[in-house]
Engineer: 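Below is a structure I'd like to ask you about.
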Amino acid sequence: IEILSFPQEIRSQNGRPCVRFQAHNRTSNDNVTIILPSPPSIAFNDAADFNTIDLGAIGGAAGEAIRSGNMENVKSITAGQILDIIAQKTPAAELASFARKTITNPNTNTTFTSNKIRNFGFNFKLIARNAKESEDIRKIHSKFRHYTYASIKAGASNLTLDFPPVWTIKFTDFSSPTGENPYIPRIYQCYLTQVESTFNSDANLYFNDSAPLQVDISLQFQETRVLTRNDIQAMENDKMGDRGIDENGNPKVSNKAKQEEQAPE
């Protein structure tokens, strides 16, 4: 595994907060680990989608009966209430409702739809102090760019593409038992979806070999699938060190926590 880092001394500074990006290239052994200082404004967005559903009078009573286990609530619906519901569906329903100053209770409820796939953004300002650091920045920038793209599958004559590599992102703290910062939540396996590069944003300065003084890199990652509460708990409990990546760098649904639960005693 190739290891790239910036600045030069960062790998010897064990107490320095860093972020480690590791690419798992499923089509070759060209894997890479990139170590950079932790950027400011690390944002996590855990979200869920909800919708609403109108159960109506009968649906509301039936739902309550199922929740409470008391089916007498369903039997208590009278013929008059049923006629009122039917009346709401006629062409003159609004006029009749206005005349009687009554409406059928829609029994609107909130229903869960799904959780959202999480996205993460990182911004780095890399300023070289010498020719060696300029070359390190060039290699880091090149790896991020290259691993955003799919590759042509071997022997496929440009007809089939292999997915880009899966990335593991870790916030390091070598004083902790796991080597990770326990105060920043873990990130599941990700794809690198976008790399935005800006050269010499603050000053138009170049070294003698034409290397730019400064390269700003903006990275956007997206987790490979929607997570469940079990995934979050497994990562928090240090039971998913691989983050769902198999030995070939492919995403996988199973995790160590699930395997431990299924293992015979």
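In this text the structure is predicted, and so the values were computed from the model without any measurement. In what follows, residues are counted from 1 in the order of the sequence shown.
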Engineer: Does a side-chain heavy-atom distance below 4.5 Å link L213 with I127?
Structural biologist: yes
Engineer: Side-chain contact, heavy-atom cut-off 4.5 Å: H141 with K139?
Structural biologist: no
Engineer: How about CD on E196, more than 12 heavy atoms from neighbouring residues, nucleotides or ligands closer than 6.0 Å, or not?
Structural biologist: no
Engineer: Could you check N31, I34, T33 and say which one makes a side chain to side chain contact (heavy atoms under 4.5 Å, CB included) with I3?
Structural biologist: T33
Engineer: Given side-chain contact (heavy atoms from CB on, under 4.5 Å), test I42 with I184 step by step and report yes or no.
Structural biologist: CA-CA 9 Å; I42 301 171; I184 300 180; 4.2 Å; yes
Engineer: Can you find a heavy atom in the side chain of F50 that is under 4.5 Å from one in the side chain of T111?
Structural biologist: no
Engineer: Hey, is R186 close enough to E236 for a salt bridge, meaning N to O under 4.0 Å?
Structural biologist: no
Engineer: Check the pair K153 / L161 against side-chain contact (heavy atoms from CB on, under 4.5 Å), numbers first and verdict last.
Structural biologist: CA-CA 5 Å; K153 190 173 182 65; L161 298 177; over 6 Å; no
Engineer: Assess the side chains of R118 and Y188: does a donor N or O sit below 3.5 Å from an acceptor N or O?
Structural biologist: no
Engineer: Is the shortest distance from a Lys or Arg side-chain nitrogen in K143 or E2 to a carboxylate oxygen in the other one below 4.0 Å?
Structural biologist: yes
Engineer: Could you tell me whether the side chain of N109 and the main chain of N107 form a donor-acceptor pair under 3.5 Å?
Structural biologist: yes
Engineer: For the atom pair CD1 (I10) and CG (L36), what is the distance rounded to the nearest 0.5 Å?
Structural biologist: 6.5 Å
Engineer: Could you give the distance from CZ (R145) to OG (S197), rounded to the nearest 0.5 Å?
Structural biologist: 6.5 Å
Engineer: With rounding to the nearest 0.5 Å, note down the distance linking CG in N237 to CD1 in I232.
Structural biologist: 11.0 Å
Engineer: Could you tell me if the side chain of D49 sits less than 4.5 Å from the side chain of K116, heavy atoms only?
Structural biologist: yes
Engineer: Can you tell me if F163 has over 12 outside heavy atoms packed within less than 6.0 Å of its CZ?
Structural biologist: no
Engineer: Would you mind checking if E9 and R129 are paired as a salt bridge, meaning a charged N to carboxylate O distance below 4.0 Å?
Structural biologist: yes
Engineer: Got a sec, which pairs hit side chain to side chain donor-acceptor pair (under 3.5 Å) with one end in residues 209-219, sequence neighbours left out?
Structural biologist: N123-S218, K125-D216, S201-Q214, S201-D216, D202-Q214, Q214-D216
Engineer: For R243 and I169, indicate whether the former's side chain and the latter's backbone hold a donor-acceptor pair under 3.5 Å.
Structural biologist: yes
Engineer: Between T108 and D54, does any side-chain donor sit less than 3.5 Å from a side-chain acceptor?
Structural biologist: yes
Engineer: Contact between T172 and P17 at the side-chain level, heavy atoms closer than 4.5 Å - yes or no?
Structural biologist: no
Engineer: Within the 3.5 Å criterion, strictly below it, is a donor on E223 or N119 matched to an acceptor on the partner's side chain?
Structural biologist: no
Engineer: So which heavy atom on P212 is nearest to which on F199, and how close?
Structural biologist: CG-CD2, 3.7 Å
Engineer: Would you indicate whether the side-chain heavy atoms of V195 and I217 approach each other to under 4.5 Å?
Structural biologist: yes
Engineer: Which distance, rounded to the nearest 0.5 Å, do you find between the OH of Y147 and the CH2 of W167?
Structural biologist: 7.5 Å
Engineer: Once you round to the nearest 0.5 Å, how far does OG of S5 lie from CG of D136?
Structural biologist: 6.5 Å
Engineer: What is the minimum heavy-atom distance between P164 and A150, and which atoms define it?
Structural biologist: CG-N, 3.8 Å
Engineer: As a quick check of understanding, evaluate side-chain contact (heavy atoms from CB on, under 4.5 Å) for T198 and V215, giving each step before the final call.
Structural biologist: CA-CA 6 Å; T198 305; V215 180; over 6 Å; no
Engineer: Do other residues, nucleotides or ligands put more than 12 heavy atoms under 6.0 Å from Y149 OH?
Structural biologist: no
Engineer: Output the distance between atom CG (L219) and atom CG (L192), rounded to the nearest 0.5 Å.
Structural biologist: 6.0 Å
Engineer: Does a side chain donor of either Q189 or T224 reach within less than 3.5 Å of an acceptor in the other side chain?
Structural biologist: yes
Engineer: Using every non-hydrogen atom in the two residues, find where E133 and P7 come nearest and quote the distance to one decimal.
Structural biologist: OE2-CB, 3.8 Å
Engineer: If every non-hydrogen atom of V19 is compared with every non-hydrogen atom of P39, which pair is closest and at what distance?
Structural biologist: CG1-CD, 4.1 Å
Engineer: Can you hop from F144 to V32 via hydrophobic side chains spaced under 4.5 Å?
Structural biologist: yes
Engineer: Quick check against the 3.5 Å criterion: does N200 have a side-chain atom that pairs as donor or acceptor with the backbone of L205?
Structural biologist: yes
Engineer: Counting the benzene-type ring for Trp, do F221 and F120 have ring centres under 6.0 Å apart?
Structural biologist: no
Engineer: Tracing side-chain links under 4.5 Å among I, L, V, M, F, W and Y, which residues wind up in one group with V226?
Structural biologist: I117
Engineer: If you group Ile, Leu, Val, Met, Phe, Trp and Tyr by side-chain heavy-atom gaps below 4.5 Å, do I140 and F124 land in one group?
Structural biologist: yes
Engineer: So does E135 pair up with R138, basic N to acidic O under 4.0 Å?
Structural biologist: yes
Engineer: Looking at F122 versus F21, is the centre-to-centre ring distance below 6.0 Å?
Structural biologist: yes
Engineer: What about Y183 and F171, are their ring centers closer than 6.0 Å?
Structural biologist: no
